Every structure is written in structure tokens, then in C-alpha cells.
Amino acid sequence: DAKTTQPNSMESNEEEPVHLPCNHSTISGTDYIHWYRQLPSQGPEYVIHGLTSNVNNRMASLAIAEDRKSSTLILHRATLRDAAVYYCILRDLTGANSKLTFGKGITLSVRP
Amino acid sequence: DAGVTQSPTHLIKTRGQQVTLRCSPKSGHDTVSWYQQALGQGPQFIFQYYEEEERQRGNFPDRFSGHQFPNYSSELNVNALLLGDSALYLCASSLAFETSVGETQYFGPGTRLLVL
């Protein structure tokens, strides 16, 4: 599986936008970009995913660079509940390969 | 609609013992994956079950084995426990037919295993 690199941590203020970066320079054409997050004492939860175009859902937006070698997860207004570890994951969904390969993720802290 | 459930929530075992962890997938899901998460690390893929067969396996020894039942629930068994097996064990469920379009995996809260 192609690897991703993320900063170890990031801090944000409540109600301000947060941009979480992810580099994936070795991404292949069949890799989807997925984001999951893990709140304290919980299992990971799906946030968003995309292939080439920017994506929006009720939780966040995903901005994908034109060359697909990087992406940014955007939380439009951070809340205290958004404090979590955010994982950027590449998933090759050709064939039967559907496992998630997690890195260490980026720990987001939100200040009141 | 119940999400993914796991039991037990916590477990303490001693070295050399065997343990069985259980997972019930989200209603309607037919695929179950197991992950191990050591403290401070991201989850690591152990294996995946679909149609009662192991379909994919991560880099884990054969002390780790599993089973999927006709109702899609699953068990993870670990034999000859080592201190290093202490971790959070996560179960995730998904729909197999969505694999080609980027299906979502739904995770349970995990089972915290401590090996003494």
C-alpha cells in the first residue's frame, strides 16, 4: 500500500477552520484517499473519501491536489468534540484489497 | 440500528493463555475485519473474513486465528499469549459488494486486552 505522511500534531481554536494536511507522493491511479478519525476511547470512524475531485459532506471537506500527491482535510468550524487523531489512508480498491493501512495519524487539539 | 458491537470490553490474561474476542457487525454488513492497536500507534490490520472464509491477512503469526459465522458475526482467537499482545483489538464491518467504490468500514469500540 502507498504510504502517507502527516504532521504529528496540530492545535486549533474552537469555532475556527482547521486544515489537516497529508502527503502521498507515491499514490497510484487506483488509490482512493480516505480519512478516518479516532476520538478518545473509541474506535476509528469514517470521515470522508475521494479520488480526484474535491468532496464535501456534513462532517468535513476534502481538497485533493491536482497531481493527487497531497490532500487536505478541512473542518470548517472546529468544536471541542473534533479533538481526535485523524488518519489519512490510501486504499487500492482494485481486486480484493480493501484493508485499511493506518499510520500514526495527526493528533488535533482544540482550544476553547 | 445497532452499530458494531464487541465483547468483552476489557480482558486480563496471563502469558501463555488463550483468548477469544467477539464481534457483531453492523446490521446488513457481511464482511468483518480485525485490527490490533498498540498504545500510541495506529491500528494494524490482522485479517478479514467474508463468506465465512479468511480473505486477506496482515503480517501476524498464526497464533492469531479467526472465524466467521453464518450470521456474519466473528471471533478472533489468540493462542499462547505474549506480553506484546497487550493492545486494543478493533473489529470493523463493511459490505463486500461496495469494495470497488470505496466502501466505509464501521468500527466497534474495541476490546482492551492486557497480558500479564
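Source: prediction; values computed, not measured. Below, read A as the first sequence line, B as the second, and so on, with proteins coming before strands; counting in each chain starts at 1.
Within a 6.0 Å radius of CZ in B:R15, no more than 12 heavy atoms belonging to other residues, nucleotides or ligands are found. In A:N8, the CG atom is not crowded: 12 or fewer heavy atoms of neighbouring residues, nucleotides or ligands sit closer than 6.0 Å. Counting non-hydrogen atoms of neighbouring residues, nucleotides and ligands closer than 6.0 angstrom, the CZ atom of B:F45 exceeds 12 such neighbours. No more than 12 heavy-atom neighbours from other residues, nucleotides or ligands sit within 6.0 angstrom of CG on B:N59. Within a 6.0 Å radius of CG in B:L116, other residues, nucleotides and ligands contribute more than 12 heavy atoms.
Under the 4.5 Å side-chain heavy-atom criterion for grouping Ile, Leu, Val, Met, Phe, Trp and Tyr, A:L108 is connected to A:V47 within one hydrophobic cluster. Both B:F60 and B:V32 are part of a single hydrophobic cluster, where members link through side-chain heavy atoms under 4.5 Å apart.
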Taking it one step at a time, do B:F107 and A:Y46 satisfy side-chain contact (heavy atoms from CB on, under 4.5 Å)?
-> CA-CA 9 Å; B:F107 284 80; A:Y46 168 82; over 6 Å; no
Residues A:Y36, B:Q105; criterion side-chain contact (heavy atoms from CB on, under 4.5 Å); working and verdict = CA-CA 10 Å; A:Y36 279 72; B:Q105 292 201 358; 3.7 Å; yes
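Residue contact with chain A, scored on non-hydrogen atoms closer than 4.5 Å, is absent for B:Q6.
For the atom pair B:F47 CZ and A:K99 NZ, the distance stands at 14.0 Å (nearest 0.5 Å). Remark: A:F102 CZ to B:Y35 OH distance equals 6.0 Å, nearest 0.5 Å. To the nearest 0.5 Å, atom CG of residue B:L90 and atom CD of residue A:Q38 are 6.5 Å apart. Expressed to the nearest 0.5 Å, how far CD of B:Q44 lies from CG of A:L100 amounts to 11.5 Å.
Across B:Q41 and A:Y87, no two heavy atoms sit closer than the pair O-OH, 4.0 Å.
Note: B:P43 leads B:P109, B:P43, B:G40 in heavy-atom pairs under 4.5 Å with chain A.
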